[in-house]
Structure formats: structure tokens, C-alpha cells
Amino acid sequence: MKQQRSLAIVGGRLVTPEGVREGSLRLVDGRIAGFGGAQPGDEVVDAKGLLVAPGLVDLGVFAVDKPAFRFGGITRAALMPDQNPPLDYAARVNFIAKSGKPDLWVHPLAAATVGLEGKELAEIALMRDAGARAIATGRRWIADSGVMLRLLQYAAMLDLVVVTHAEDAGLTGNAVATAGDVATRLGLPSAPAEAEVLAVARDIALAEMSGARVHFRQVTTRAALALVRAAKARSVRVTAGVTPAHFMLSDLATMDFRTFARLSPPLRCEDDRLAVREALADGTIDVIASGHDPRGPEDKRLPFADAAPGMAGAETLLAMTLTLRRDGVIDLPRAFDLLAANPARLLSVDAGALREGAEADIALIDPGRPWVVDSREMAATAGNTPFDRQPTQGRVVALYKGGVAL
Amino acid sequence: MHLTDPWASTKGMASMTSAANPRTASRYPAGARAFPHRDLLAISRLERHEILFLLDEAEQWVELNRGAAKRTDLLTGLTVINAFFENSTRTLLSFEIAGKRLGADVVNMHAAQSSVKKGETLIDTAITLNAMRPDAIVIRHGSSGATALIADKVDCPVLNAGDGQHEHPTQALLDALALRHALRARGQAADDFTGLTVTICGDVLHSRVARSNILCLQALGASVRVCAPPSLLPSHVEAMGVTAFTDFDQALEGADVAMMLRLQTERMNGQFVPSAREYHHLYGLTRKRLARAAPDALVMHPGPMNRGVEIDSEVADALDRSIITGQVEMGVAIRMACLDVLTRRRRGVEGWA
């Protein structure tokens with residue numbers, strides 16, 4: 001839907017990359033036209049002191065779940081290729097790219113390999129031209145380093161980011177938990193945290209060699225974050241993401257065999273959780289994504305090791321990220337760099353920041369509004385949240401995509 | 001406590017050294033407060049005095065089982081379902097005999113592991129079983145936490161007969177009872193195991209028996225050592241309060257009990273030890289190795305044994321040392337005690353209903 005009438009949002013606190021300031025925002029023809037006040041003919045919205053922020057850009061979701069994205073203030077969702085069938089074919093990419101219209105941008109991530117099997121490269125250039133915004137290896141890593149190198153060289157040529165899953169499958173095996181005393185007490189198949197370290201180390205080396213842009217969708221351990229930090233310091237083009245589960249929870253959350261806390265990668269020890277928070281503070285981590293993966297009882301009401309991994313994260317993404325600001329880990333502009341500006345940059349979309357000329361995806365946010373996460377009353381197609389019953393703060397009050405209220 | 005138990009009145013208690021019921025009556029909180037749990041899911045959920053209570057309750061059944069008439073009608077009219085989602089011979093048999101000797105109607109359900117991996121079948125199975133109104137369900141399942149999951153969905157007591165690599169609480173209890181009897185037979189008055197050192201050696205990583213025994217033995221005061229090749233030693237197992245060894249000779253040094261575990265090849269995904277022969281070379285309990293332990297050290301094994309791999313026949317069959325058959329005997333008594341205690345509420349036993 002095209003924006004019919006110019007819109008002025010006045011009386012809000014604008015979250016710009018430079019800082020938070022009081023001001024107005026004009027949206028014209030689906031773009032941010034400027035920061036002046038309302039002009040004659042404008043529809044005027046009084047934000048009444050709410051935050052006026054870019055709509056969230058969620059880098060890495062597993063399902064298109066509009067009500068949940070609407071609730072969470074997500075205007076753009078990068079869809080993982082792990083669909084049925086996988087997004088390894090241009091026609092499917094083209095179809096799915098349009099599936100969010102008119103109220104959501106779906107940015108498909110092209111499957112790196114045919115069937116996500118990690119063996120043969122998929123037709124990436126065709127998928128790019130069909131609307132894929134980046135490449136992803138899917139839920140698993142590519143075990144064959146030769147395939148990975150050729151993928152990265154090819155992606156560098158196409159200038160597409162490669163989103164990787166960083167877990168060495170040889171070490172991981174059928175593990176569902178991180179090796180440690182919790183997994184030992186529960187008797188869960190576990191893999192050492194070093195499975196992530198090895199995968200990150202290899203992909204950094206290959207990124208450095210090929211010049212490709214590599215985005216680790218989730219980096220969750222102290223040692224792997226140190227590798228990313230060091231790689232960035234020598235200007236390797238790597239970026240790192242995380243989901244709120246890994247800065248909010250440690251493996252203690254799995255103690256009662258709670259399958260809502262069965263994630264991939266699995267929850268880590270407390271020291272790793274603290275390391276993720278440090279990496280969010282010092283800029284090592286670039287993206288916070290929801291990893292939205294709604295799973296019904298048929299996938300989750302099972303013994304822990306038999307349950308599917310994943311959490312419905314879209315609704316809690318903003319509120320959980322705002323806890324970092326309350327705890328003094330990051331400030332508000334940085335929060336929206338993590339939630340919008342950085343992922344938009346990785347996807348090469350002209351959005352994610354309050355910048356003149358950018359696409360007018362805007363969220364009005366009440367950062368202090370209290371609410372309780374309740375798995376029984378989620379907007380998502382399933383309520384598998386590890387934050388069930390947790391009181392939190394911060395809600396999206398209104399959402400605009402391309403200048404049109406949703 | 002079992003005033004309605006006809007056996008107690010006809011057989012008399014004079015011959016019993018432990019005089020179970022009068023003792024338990026005086027030592028433990030009255031009625032259901034002695035064991036305030038609906039289910040028996042894990043040793044980790046039990047307090048020390050609750051473990052001792054179950055052990056003391058089992059004494060009377062040890063005595064009964066040694067007599068000719070091995071049956072009471074304590075659980076008459078009650079239905080016990082043994083739902084085994086994983087193959088088992090001895091545990092299933094032990095639970096079945098325990099239920100039958102208490103007079104319950106025992107039904108065995110064998111469900112192939114493959115059929116419960118599909119979708120919601122496990123929960124559906126639990127709901128189906130529940131609808132048949134059993135008075136207790138005994139569950140074995142190949143996934144850790146599965147019994148707790150089922151327990152949430154049913155209205156009757158659930159007994160964990162082994163869930164994945166998590167726990168096997170009745171095995172730990174029967175091991176404790178067997179050990180107690182063995183020590184008592186030697187004149188070592190043993191209520192608990194304070195001062196005792198127990199070495200658990202074998203596939204600790206995949207063993208629910210090891211986990212339950214670590215917790216149970218420690219609750220009763222023993223020091224526990226675990227020994228395994230590095231690939232079969234769970235990470236951070238020291239956090240459970242044990243001392244970990246990879247050298248079996250060191251682990252045995254001065255130990256009072258050697259508890260051997262078999263290699264659970266059915267749970268192994270890949271190769272964990274080069275060969276059975278090499279495993280025996282490093283971790284097999286031989287006469288010679290046993291000499292490193294304390295004089296008269298006892299040998300235990302939860303079975304089934306792989307003779308010549310983790311244990312030599314001459315050690316397993318050593319009458320003065322091995323209490324392996326005693327463990328099997330105590331298994332029935334412990335399971336009778338558990339079924340009795342957990343169904344008291346249902347049976348309206350005074351103080352429990």
C-alpha cells in the first residue's frame with residue numbers, strides 16, 4: 001500500500017543514530033522527508049513523548065508470523081532458508097519475498113547450498129535477482145571447508161553477506177545442551193562450547209582469505225566472541241549477532257527439562273552469558289535478532305532431547321533488548337543500531353534508521369510500559385517462549401511501514 | 001504402620017533384625033510427612049531421611065520375599081501399569097514381581113521406542129494410560145526427563161524406572177539396601193554409609209545408574225569416586241561432589257566398594273573406546289586390581305554384566321566379595337516398598353490419605 005497523504009509525527013523523542021532528541025518527523029511518499037514540523041495538508045500524529053524509532057529489522061526468523069511481528073514492532077524480517085521446501089530456488093525466493101505484502105517486508109535469505117545440505121552451491125545469483133537479500137547456511141554449518149571457501153568467494157563476488165550457523169557438527173553430534181554440570185545432572189547429550197569456537201575460527205579464516213562478508217547469526221560463547229573481536233580489529237569483514245535468550249538466560253533455565261529453553265545453539269554457562277553482555281557493550285556484537293521460530297506442542301511437548309529447538313521471539317525482542325539499556329549495558333541509540341540499523345545495512349536495505357530519504361518504517365514505543373509475557377496469550381502462532389510469566393517493560397504503541405499505519 | 005497387613009500379624013516380626021515398622025514409626029515424621037511426594041522421579045528430589053525411610057520400609061519385604069508365602073493383599077484391587085518404552089528384562093521383571101507380591105494387578109506395556117518419537121505420541125500414550133485409571137504407573141523411557149513429562153499428565157503416582165541418561169532411582173535405592181545388608185552381615189552396623197568410599201567405574205557418561213547412585217550414596221554419607229576413560233566421563237562431573245579418575249588403579253586405591261558399570265554401546269554415537277579388549281585392559285575389574293581396594297572391599301554391578309569386559313568372572317562370582325545377586329534380590333523389596341508407600345494415599349492409609 002502506498003502512502004496517500006503526508007504524515008507528521010510530532011512531540012516524540014526521536015531515536016536517531018546520533019542520540020535521542022525531541023522533535024518531529026515527516027513521512028512523505030513512503031520515505032522520511034525531514035525533521036521539520038507539520039506542514040499544511042499533513043496528517044498529524046501527536047506522539048506525546050513516546051519514542052519515535054525505526055521499525056525493527058529482524059535478521060533471521062524461521063517463519064513469517066505477521067501478528068507476532070506487528071506486536072514486536074518488526075517491519076522487516078529476514079527469512080531463513082530453512083523452509084519446506086528450502087529457499088534454494090529462485091522462484092521460491094521470488095514468491096516468498098512478496099508474501100509479506102502489504103504490511104511486512106519479507107527479505108528472503110538464499111540457501112547457500114542445494115537442500116541446505118552443505119554440498120553443492122545453490123543458484124545464488126539467480127536468487128539474488130529474485131529478491132534474496134543475503135545468503136544463509138541455515139540451521140546447520142557447512143562442514144566441508146572446501147565448499148565453504150567456494151561459497152564465500154562466490155558471495156564476495158556478488159557482494160552478498162553470508163549468514164552462518166557457527167557450530168562444528170562433528171563435535172555437536174546429537175547434542176541438545178552445552179557440556180557442563182547442568183547437562184551432566186540432567187543426563188542430556190551435550191557438546192562442549194568449543195564447537196562454536198572452532199566453527200567461528202574456521203569461518204573467520206575463510207572470510208579473511210576470500211574477502212567475503214560473513215555474519216555469524218549467533219555468537220554465544222566468550223572464546224568465540226574474543227575471536228570475532230580480534231578479527232574485527234584487523235578489519236576482517238565479519239559481524240556477529242545474538243538472540244535475547246543468550247544474554248538473558250544460562251543453561252540453568254533448562255533445569256526442569258523445559259523444552260521452551262531448548263535452543264540452537266543451546267543455552268550456555270553463566271560466564272558465557274556475561275561475555276555476550278560484554279560483547280554487546282563493546283560493539284563486538286552487531287545485531288540482536290529474535291530467531292523467531294514458533295513451535296507448537298507437537299514439537300515441544302516432548303522429552304527435552306526429542307523436542308525441536310527454537311523459541312517464539314518476535315514479541316519479546318524489543319522488551320528484552322531494552323533490559324540491556326536499563327542495566328546500563330547499552331544506550332538507546334545503540335539498542336536501535338542492534339535492532340534496526342545494523343541488520344538493515346547487512347541486508348542492504350535503505351531503512352533501519354531515522355535518516356532523511358530512508359524508507360519510512362517507524363515504531364512509536366512506550367519504553368516504560370509494563371507487561372507480562374504469557375505463553376498462553378501470544379500473538380505468535382505458538383507460545384514457546386522461555387520468558388513465560390516474566391514481567392517486563394516496553395511495548396510498541398504504533399507501527400508504520402512506508403509511512404502507512406499498520 | 002500396616003495394621004491391615006495380614007502378613008505382619010501371622011508371620012510375626014521377631015526374627016527381623018531391623019524390625020522395620022516399629023522403627024520407621026518412631027524415626028520418621030508421622031504419616032505422609034515421612035515421604036511427601038506423589039511420584040518417585042529422581043533421587044535428586046529426595047531428602048536423606050526420605051531415602052532412609054524407603055530403605056527401612058523395604059526391610060519387611062526382604063523378609064517376606066525370603067519366606068515361602070510371598071504374597072500380601074496390601075494392594076489388592078489396585079492396578080499397576082509398567083510402561084516400558086525401552087527394552088528391559090530385569091527391571092521390568094522386578095517391578096512385575098514386586099507388584100504381584102503386593103497383590104496388585106500388574107499390566108506390562110511394551111512400546112517400541114520408535115513409535116513414541118512421532119509427534120505427540122508420548123503425551124497421548126500417557127493420557128491413554130491415565131484414562132484406564134491405573135493406581136500407579138512405572139515408566140522407563142530412553143529420553144532424559146520423559147518420566148517427569150508423563151507424570152505431569154497423569155493423576156496417579158509415577159515411578160521412574162530409568163529415563164535416558166538422567167536417573168534410575170529404584171536402582172540406587174536397591175544398591176543402597178544391598179550394601180547395607182552386606183555391611184550388616186559383616187557386623188558393621190550400617191544405617192548409612194558415613195566414612196565409606198565407593199568407586200563407580202565404567203560408562204558414567206551414559207549411565208543413569210551412576211547419576212542416581214552418586215546422589216544416593218552421597219546423601220547417605222559416602223564419598224564417591226567415578227572412573228572412566230575421558231570420553232565416557234561427563235563434563236564437570238566434579239560439580240556433583242565426586243572425585244573423577246581416569247586411572248582405575250588409583251580410583252580403586254583403598255576403596256570400600258567397587259561398583260562396575262557396563263559399556264552402554266546402544267547409547268554411543270561413534271566410537272568411545274578402541275575395543276572391548278583394550279577397555280578390559282585399562283578398566284576391567286580383575287582379582288589383581290581388586291587387591292588395591294580396601295581389604296574385603298565389596299563388588300557391585302547393576303547388571304547386565306559383560307563378563308571379561310568390565311568385570312572378570314572370578315570377581316563377579318566371588319562369594320565373599322560380590323553382592324551382585326544380593327542387589328537383584330533387594331530390587332524386588334525396594335520396588336515393593338516404593339509401590340506400597342506411593343499408593344498409601346490412594347488406599348486411604350491412616351495419616352496418608
Side-chain angles (χ1 to χ4, degrees), chain A residues 143 168-197 221 250-262 266-272 295-309 382 384 388, chain B residues 41-45 85 113-114 116-124 126-127 139 141-153 160 162-168 204-212 214-215 226 233-242 244 264 267-270 272:
Chain A
D168 183 312
L171 271 184
T172 308
N174 59 356
V176 298
T178 306
D181 63 322
V182 173
T184 291
R185 280 173 197 277
L186 295 180
L188 293 174
S190 63
E194 283 72 13
E196 179 175 288
V197 185
T221 60
S250 70
D251 55 4
L252 280 175
T254 62
M255 206 57 204
D256 292 328
F257 296 105
R258 285 179 65 216
T259 56
F260 285 2
R262 159 119 164 75
L267 288 173
R268 308 296 192 185
C269 68
E270 177 65 9
D271 181 60
D272 284 331
R295 295 282 191 168
E298 65 279 11
D299 288 327
K300 284 291 191 183
R301 261 169 56 180
L302 293 170
F304 193 89
D306 303 335
N384 52 315
D388 191 24
Chain B
L41 296 178
I43 297 291
S44 65
R45 301 192 183 193
F85 297 91
Q113 175 69 354
S114 57
V116 298
K117 287 244 175 187
K118 297 170 191 159
E120 269 214 38
T121 314
L122 179 60
I123 295 280
D124 284 343
I127 292 170
I139 296 165
H141 194 282
S143 288
S144 304
T147 42
L149 186 72
I150 294 176
D152 278 349
K153 302 290 165 207
N160 182 2
D163 61 329
Q165 306 168 23
H166 177 224
E167 283 226 41
H168 190 355
V204 180
L205 178 67
H206 297 108
S207 176
R208 52 196 173 209
V209 175
R211 282 170 180 77
S212 286
I214 288 169
L215 295 167
V226 296
L233 210 50
S235 72
H236 297 76
V237 70
E238 297 88 349
M240 294 184 77
V242 302
Q264 292 189 273
R267 291 190 199 284
M268 291 183 193
N269 194 356
F272 284 69

Exercise: identify the closest heavy-atom pair between B:S235 and A:T184: O-OG1, 2.6 Å
Closest approach of B:A146 to A:P303 (non-hydrogen atoms, all atoms of both residues):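 Shortest heavy-atom contact: CB-CG, 3.7 Å.
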A:F304/B:S144 under side-chain contact (heavy atoms from CB on, under 4.5 Å): CA gap, chis, key distance, verdict: CA-CA 7 Å; A:F304 193 89; B:S144 304; over 6 Å; no
[atom1] of [X] to [atom2] of [Y]: how many Å apart, nearest 0.5 Å?
{"X": "A:L186", "Y": "B:E167", "atom1": "CG", "atom2": "CD", "answer": "9.5 Å"}
{"X": "A:C269", "Y": "B:H236", "atom1": "SG", "atom2": "NE2", "answer": "7.0 Å"}
{"X": "A:N174", "Y": "B:R267", "atom1": "CG", "atom2": "CZ", "answer": "11.5 Å"}
{"X": "A:F257", "Y": "B:D163", "atom1": "CZ", "atom2": "CG", "answer": "6.0 Å"}

Donor-acceptor pair, side chain of A:R301 and main chain of B:L122, under 3.5 angstrom: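 Side chain of A:R301 to backbone of B:L122: no pair is present.
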Engaged part of B:R211 at the chain A interface, taking heavy atoms whose separation is under 4.5 Å: side chain
Close side-chain approach of A:R185 to B:S44, heavy-atom, < 4.5 Å: no
Contact leader toward chain A among B:P234, B:A148, B:G164, B:S207, where contacts are heavy-atom pairs under 4.5 Å: B:P234
